[in-house]
Asker: 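First the structure, then my questions, so here it is.
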2 protein chains.
Amino acid sequence: MRLTRFTDVALRVLMRLAVAEGAEPPTTREVADTMRVPYTHTAKVVARLQHLGLLDARRGRGGGLTLTTAGHSASIGALVRELEGTDDVVECEGTTPCPLRSGCRLRGALRKAQDAFYASLDPITVADLVTSPTGPLLLGIGSGPPPD
Amino acid sequence: MRLTRFTDVALRVLMRLAVAEGAEPPTTREVADTMRVPYTHTAKVVARLQHLGLLDARRGRGGGLTLTTAGHSASIGALVRELEGTDDVVECEGTTPCPLRSGCRLRGALRKAQDAFYASLDPITVADLVTSPTGPLLLGIGSGPPPD
């Protein structure tokens, strides 16, 4: 069972920004290097999170990325739902649709299981994720070699 | 959020066999064609399900695939856990390990969510999946054009 790389990177970016308060706002490049994810992925994710109102991005000197108030209190369940979309966890439709798709008990069972997955993440906020030990660990890691 | 194609095919094969009682046991080719999945995938899945004791496969004339008693009562949660493995739903380890992996609240939250997903499927058996409307629908579909 896998989430997309896009969701993974989005969660890492939000966690990194959640511990940046009071310090100079990091750039997209700095966040990418710290979280060991490719810059190109990170830039796309930052644009999406900005569009969702979860971060502010300012260009130029003194610019950088900052989490918005909505970003701090954002529900991880709601965010993962938004980024993963509402597709089935197995391929019911698509180029070779499953012949059972219109009356499939498995499809219904998997949708309930998917809902249980998201519901488990609903009460957790971005701010919750960076309480100890994660927050201090995040502040302590340096930039690694760029992964792309 | 996606399960592997392997798990998807395994669930379709088990459902197909669960409605085959009393009729001539279908061959791997027949199951593949009915469920619109490639024969090569299906053959690998059949071997794994046989190894797990969920189906019997007999070669030659009068042979074919039959679900075992264990196969009928198998828990969907247990089966999906077995086939998907215990990997994280995002890439914590791997070639570029996440620097937070040793003390990450997100990792713990995603594991709990994954457990909630499986727990939702635990009480459902293969036999449950083919009660109406799915079972009658399965019996009514013919073989489509082979997908490979």
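Order of the sequence lines sets the chain letters (A, B, ...), proteins ahead of strands, with each chain counted from 1.
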Asker: Check whether any side-chain heavy atom of B/T4 sits under 4.5 Å from a side-chain heavy atom of A/R2, and report yes or no.
Answerer: no
Asker: A/D8 and B/E91: which non-hydrogen atoms are nearest, and at how many Å?
Answerer: OD2-N, 3.5 Å
Asker: At a 4.5 Å cut-off on heavy atoms, which part of A/P136 comes close to chain B: side chain, backbone, both, or neither?
Answerer: neither
Asker: For B/S120, which of A/K112, A/R111, A/Q114 qualifies under side-chain contact (heavy atoms from CB on, under 4.5 Å)?
Answerer: A/K112
Asker: Provide the closest heavy-atom pair for B/F117 versus A/V89 in the form atom of the first, atom of the second, distance.
Answerer: CZ-CG2, 4.3 Å
Asker: Identify which part of A/L83 has an atom lying under 4.5 Å from any heavy atom of chain B, answering side chain, backbone, both or neither.
Answerer: neither
Asker: Heavy-atom distance under 4.5 Å to chain B: side chain of A/L3, backbone, both or neither?
Answerer: both
Asker: Taking side chain as C-beta onward, heavy atoms only, is A/T134 less than 4.5 Å from B/L100?
Answerer: yes
Asker: What is the minimum heavy-atom distance between B/L121 and A/A109, and which atoms define it?
Answerer: CD2-O, 3.6 Å
Asker: For the interface with chain B, which of A/D115, A/D88, A/V130 has the highest count of heavy-atom pairs at distances below 4.5 Å?
Answerer: A/D88
Asker: Decide yes or no for B/C104 and A/L137: does some side-chain heavy atom of the first lie under 4.5 Å from some side-chain heavy atom of the second?
Answerer: no
Asker: Is the closest side-chain heavy-atom distance between B/D128 and A/R105 below 4.5 Å?
Answerer: no
Asker: How long is the straight-line distance from CZ of A/R36 back to OG1 of B/T95, given to the nearest 0.5 Å?
Answerer: 13.0 Å
Asker: So does B/V90 get a backbone contact from the side chain of A/R5, meaning a donor-acceptor N/O pair under 3.5 Å?
Answerer: no
Asker: Please classify the contact of A/R107 with chain B as side chain, backbone, both or neither, using a heavy-atom distance under 4.5 Å.
Answerer: neither
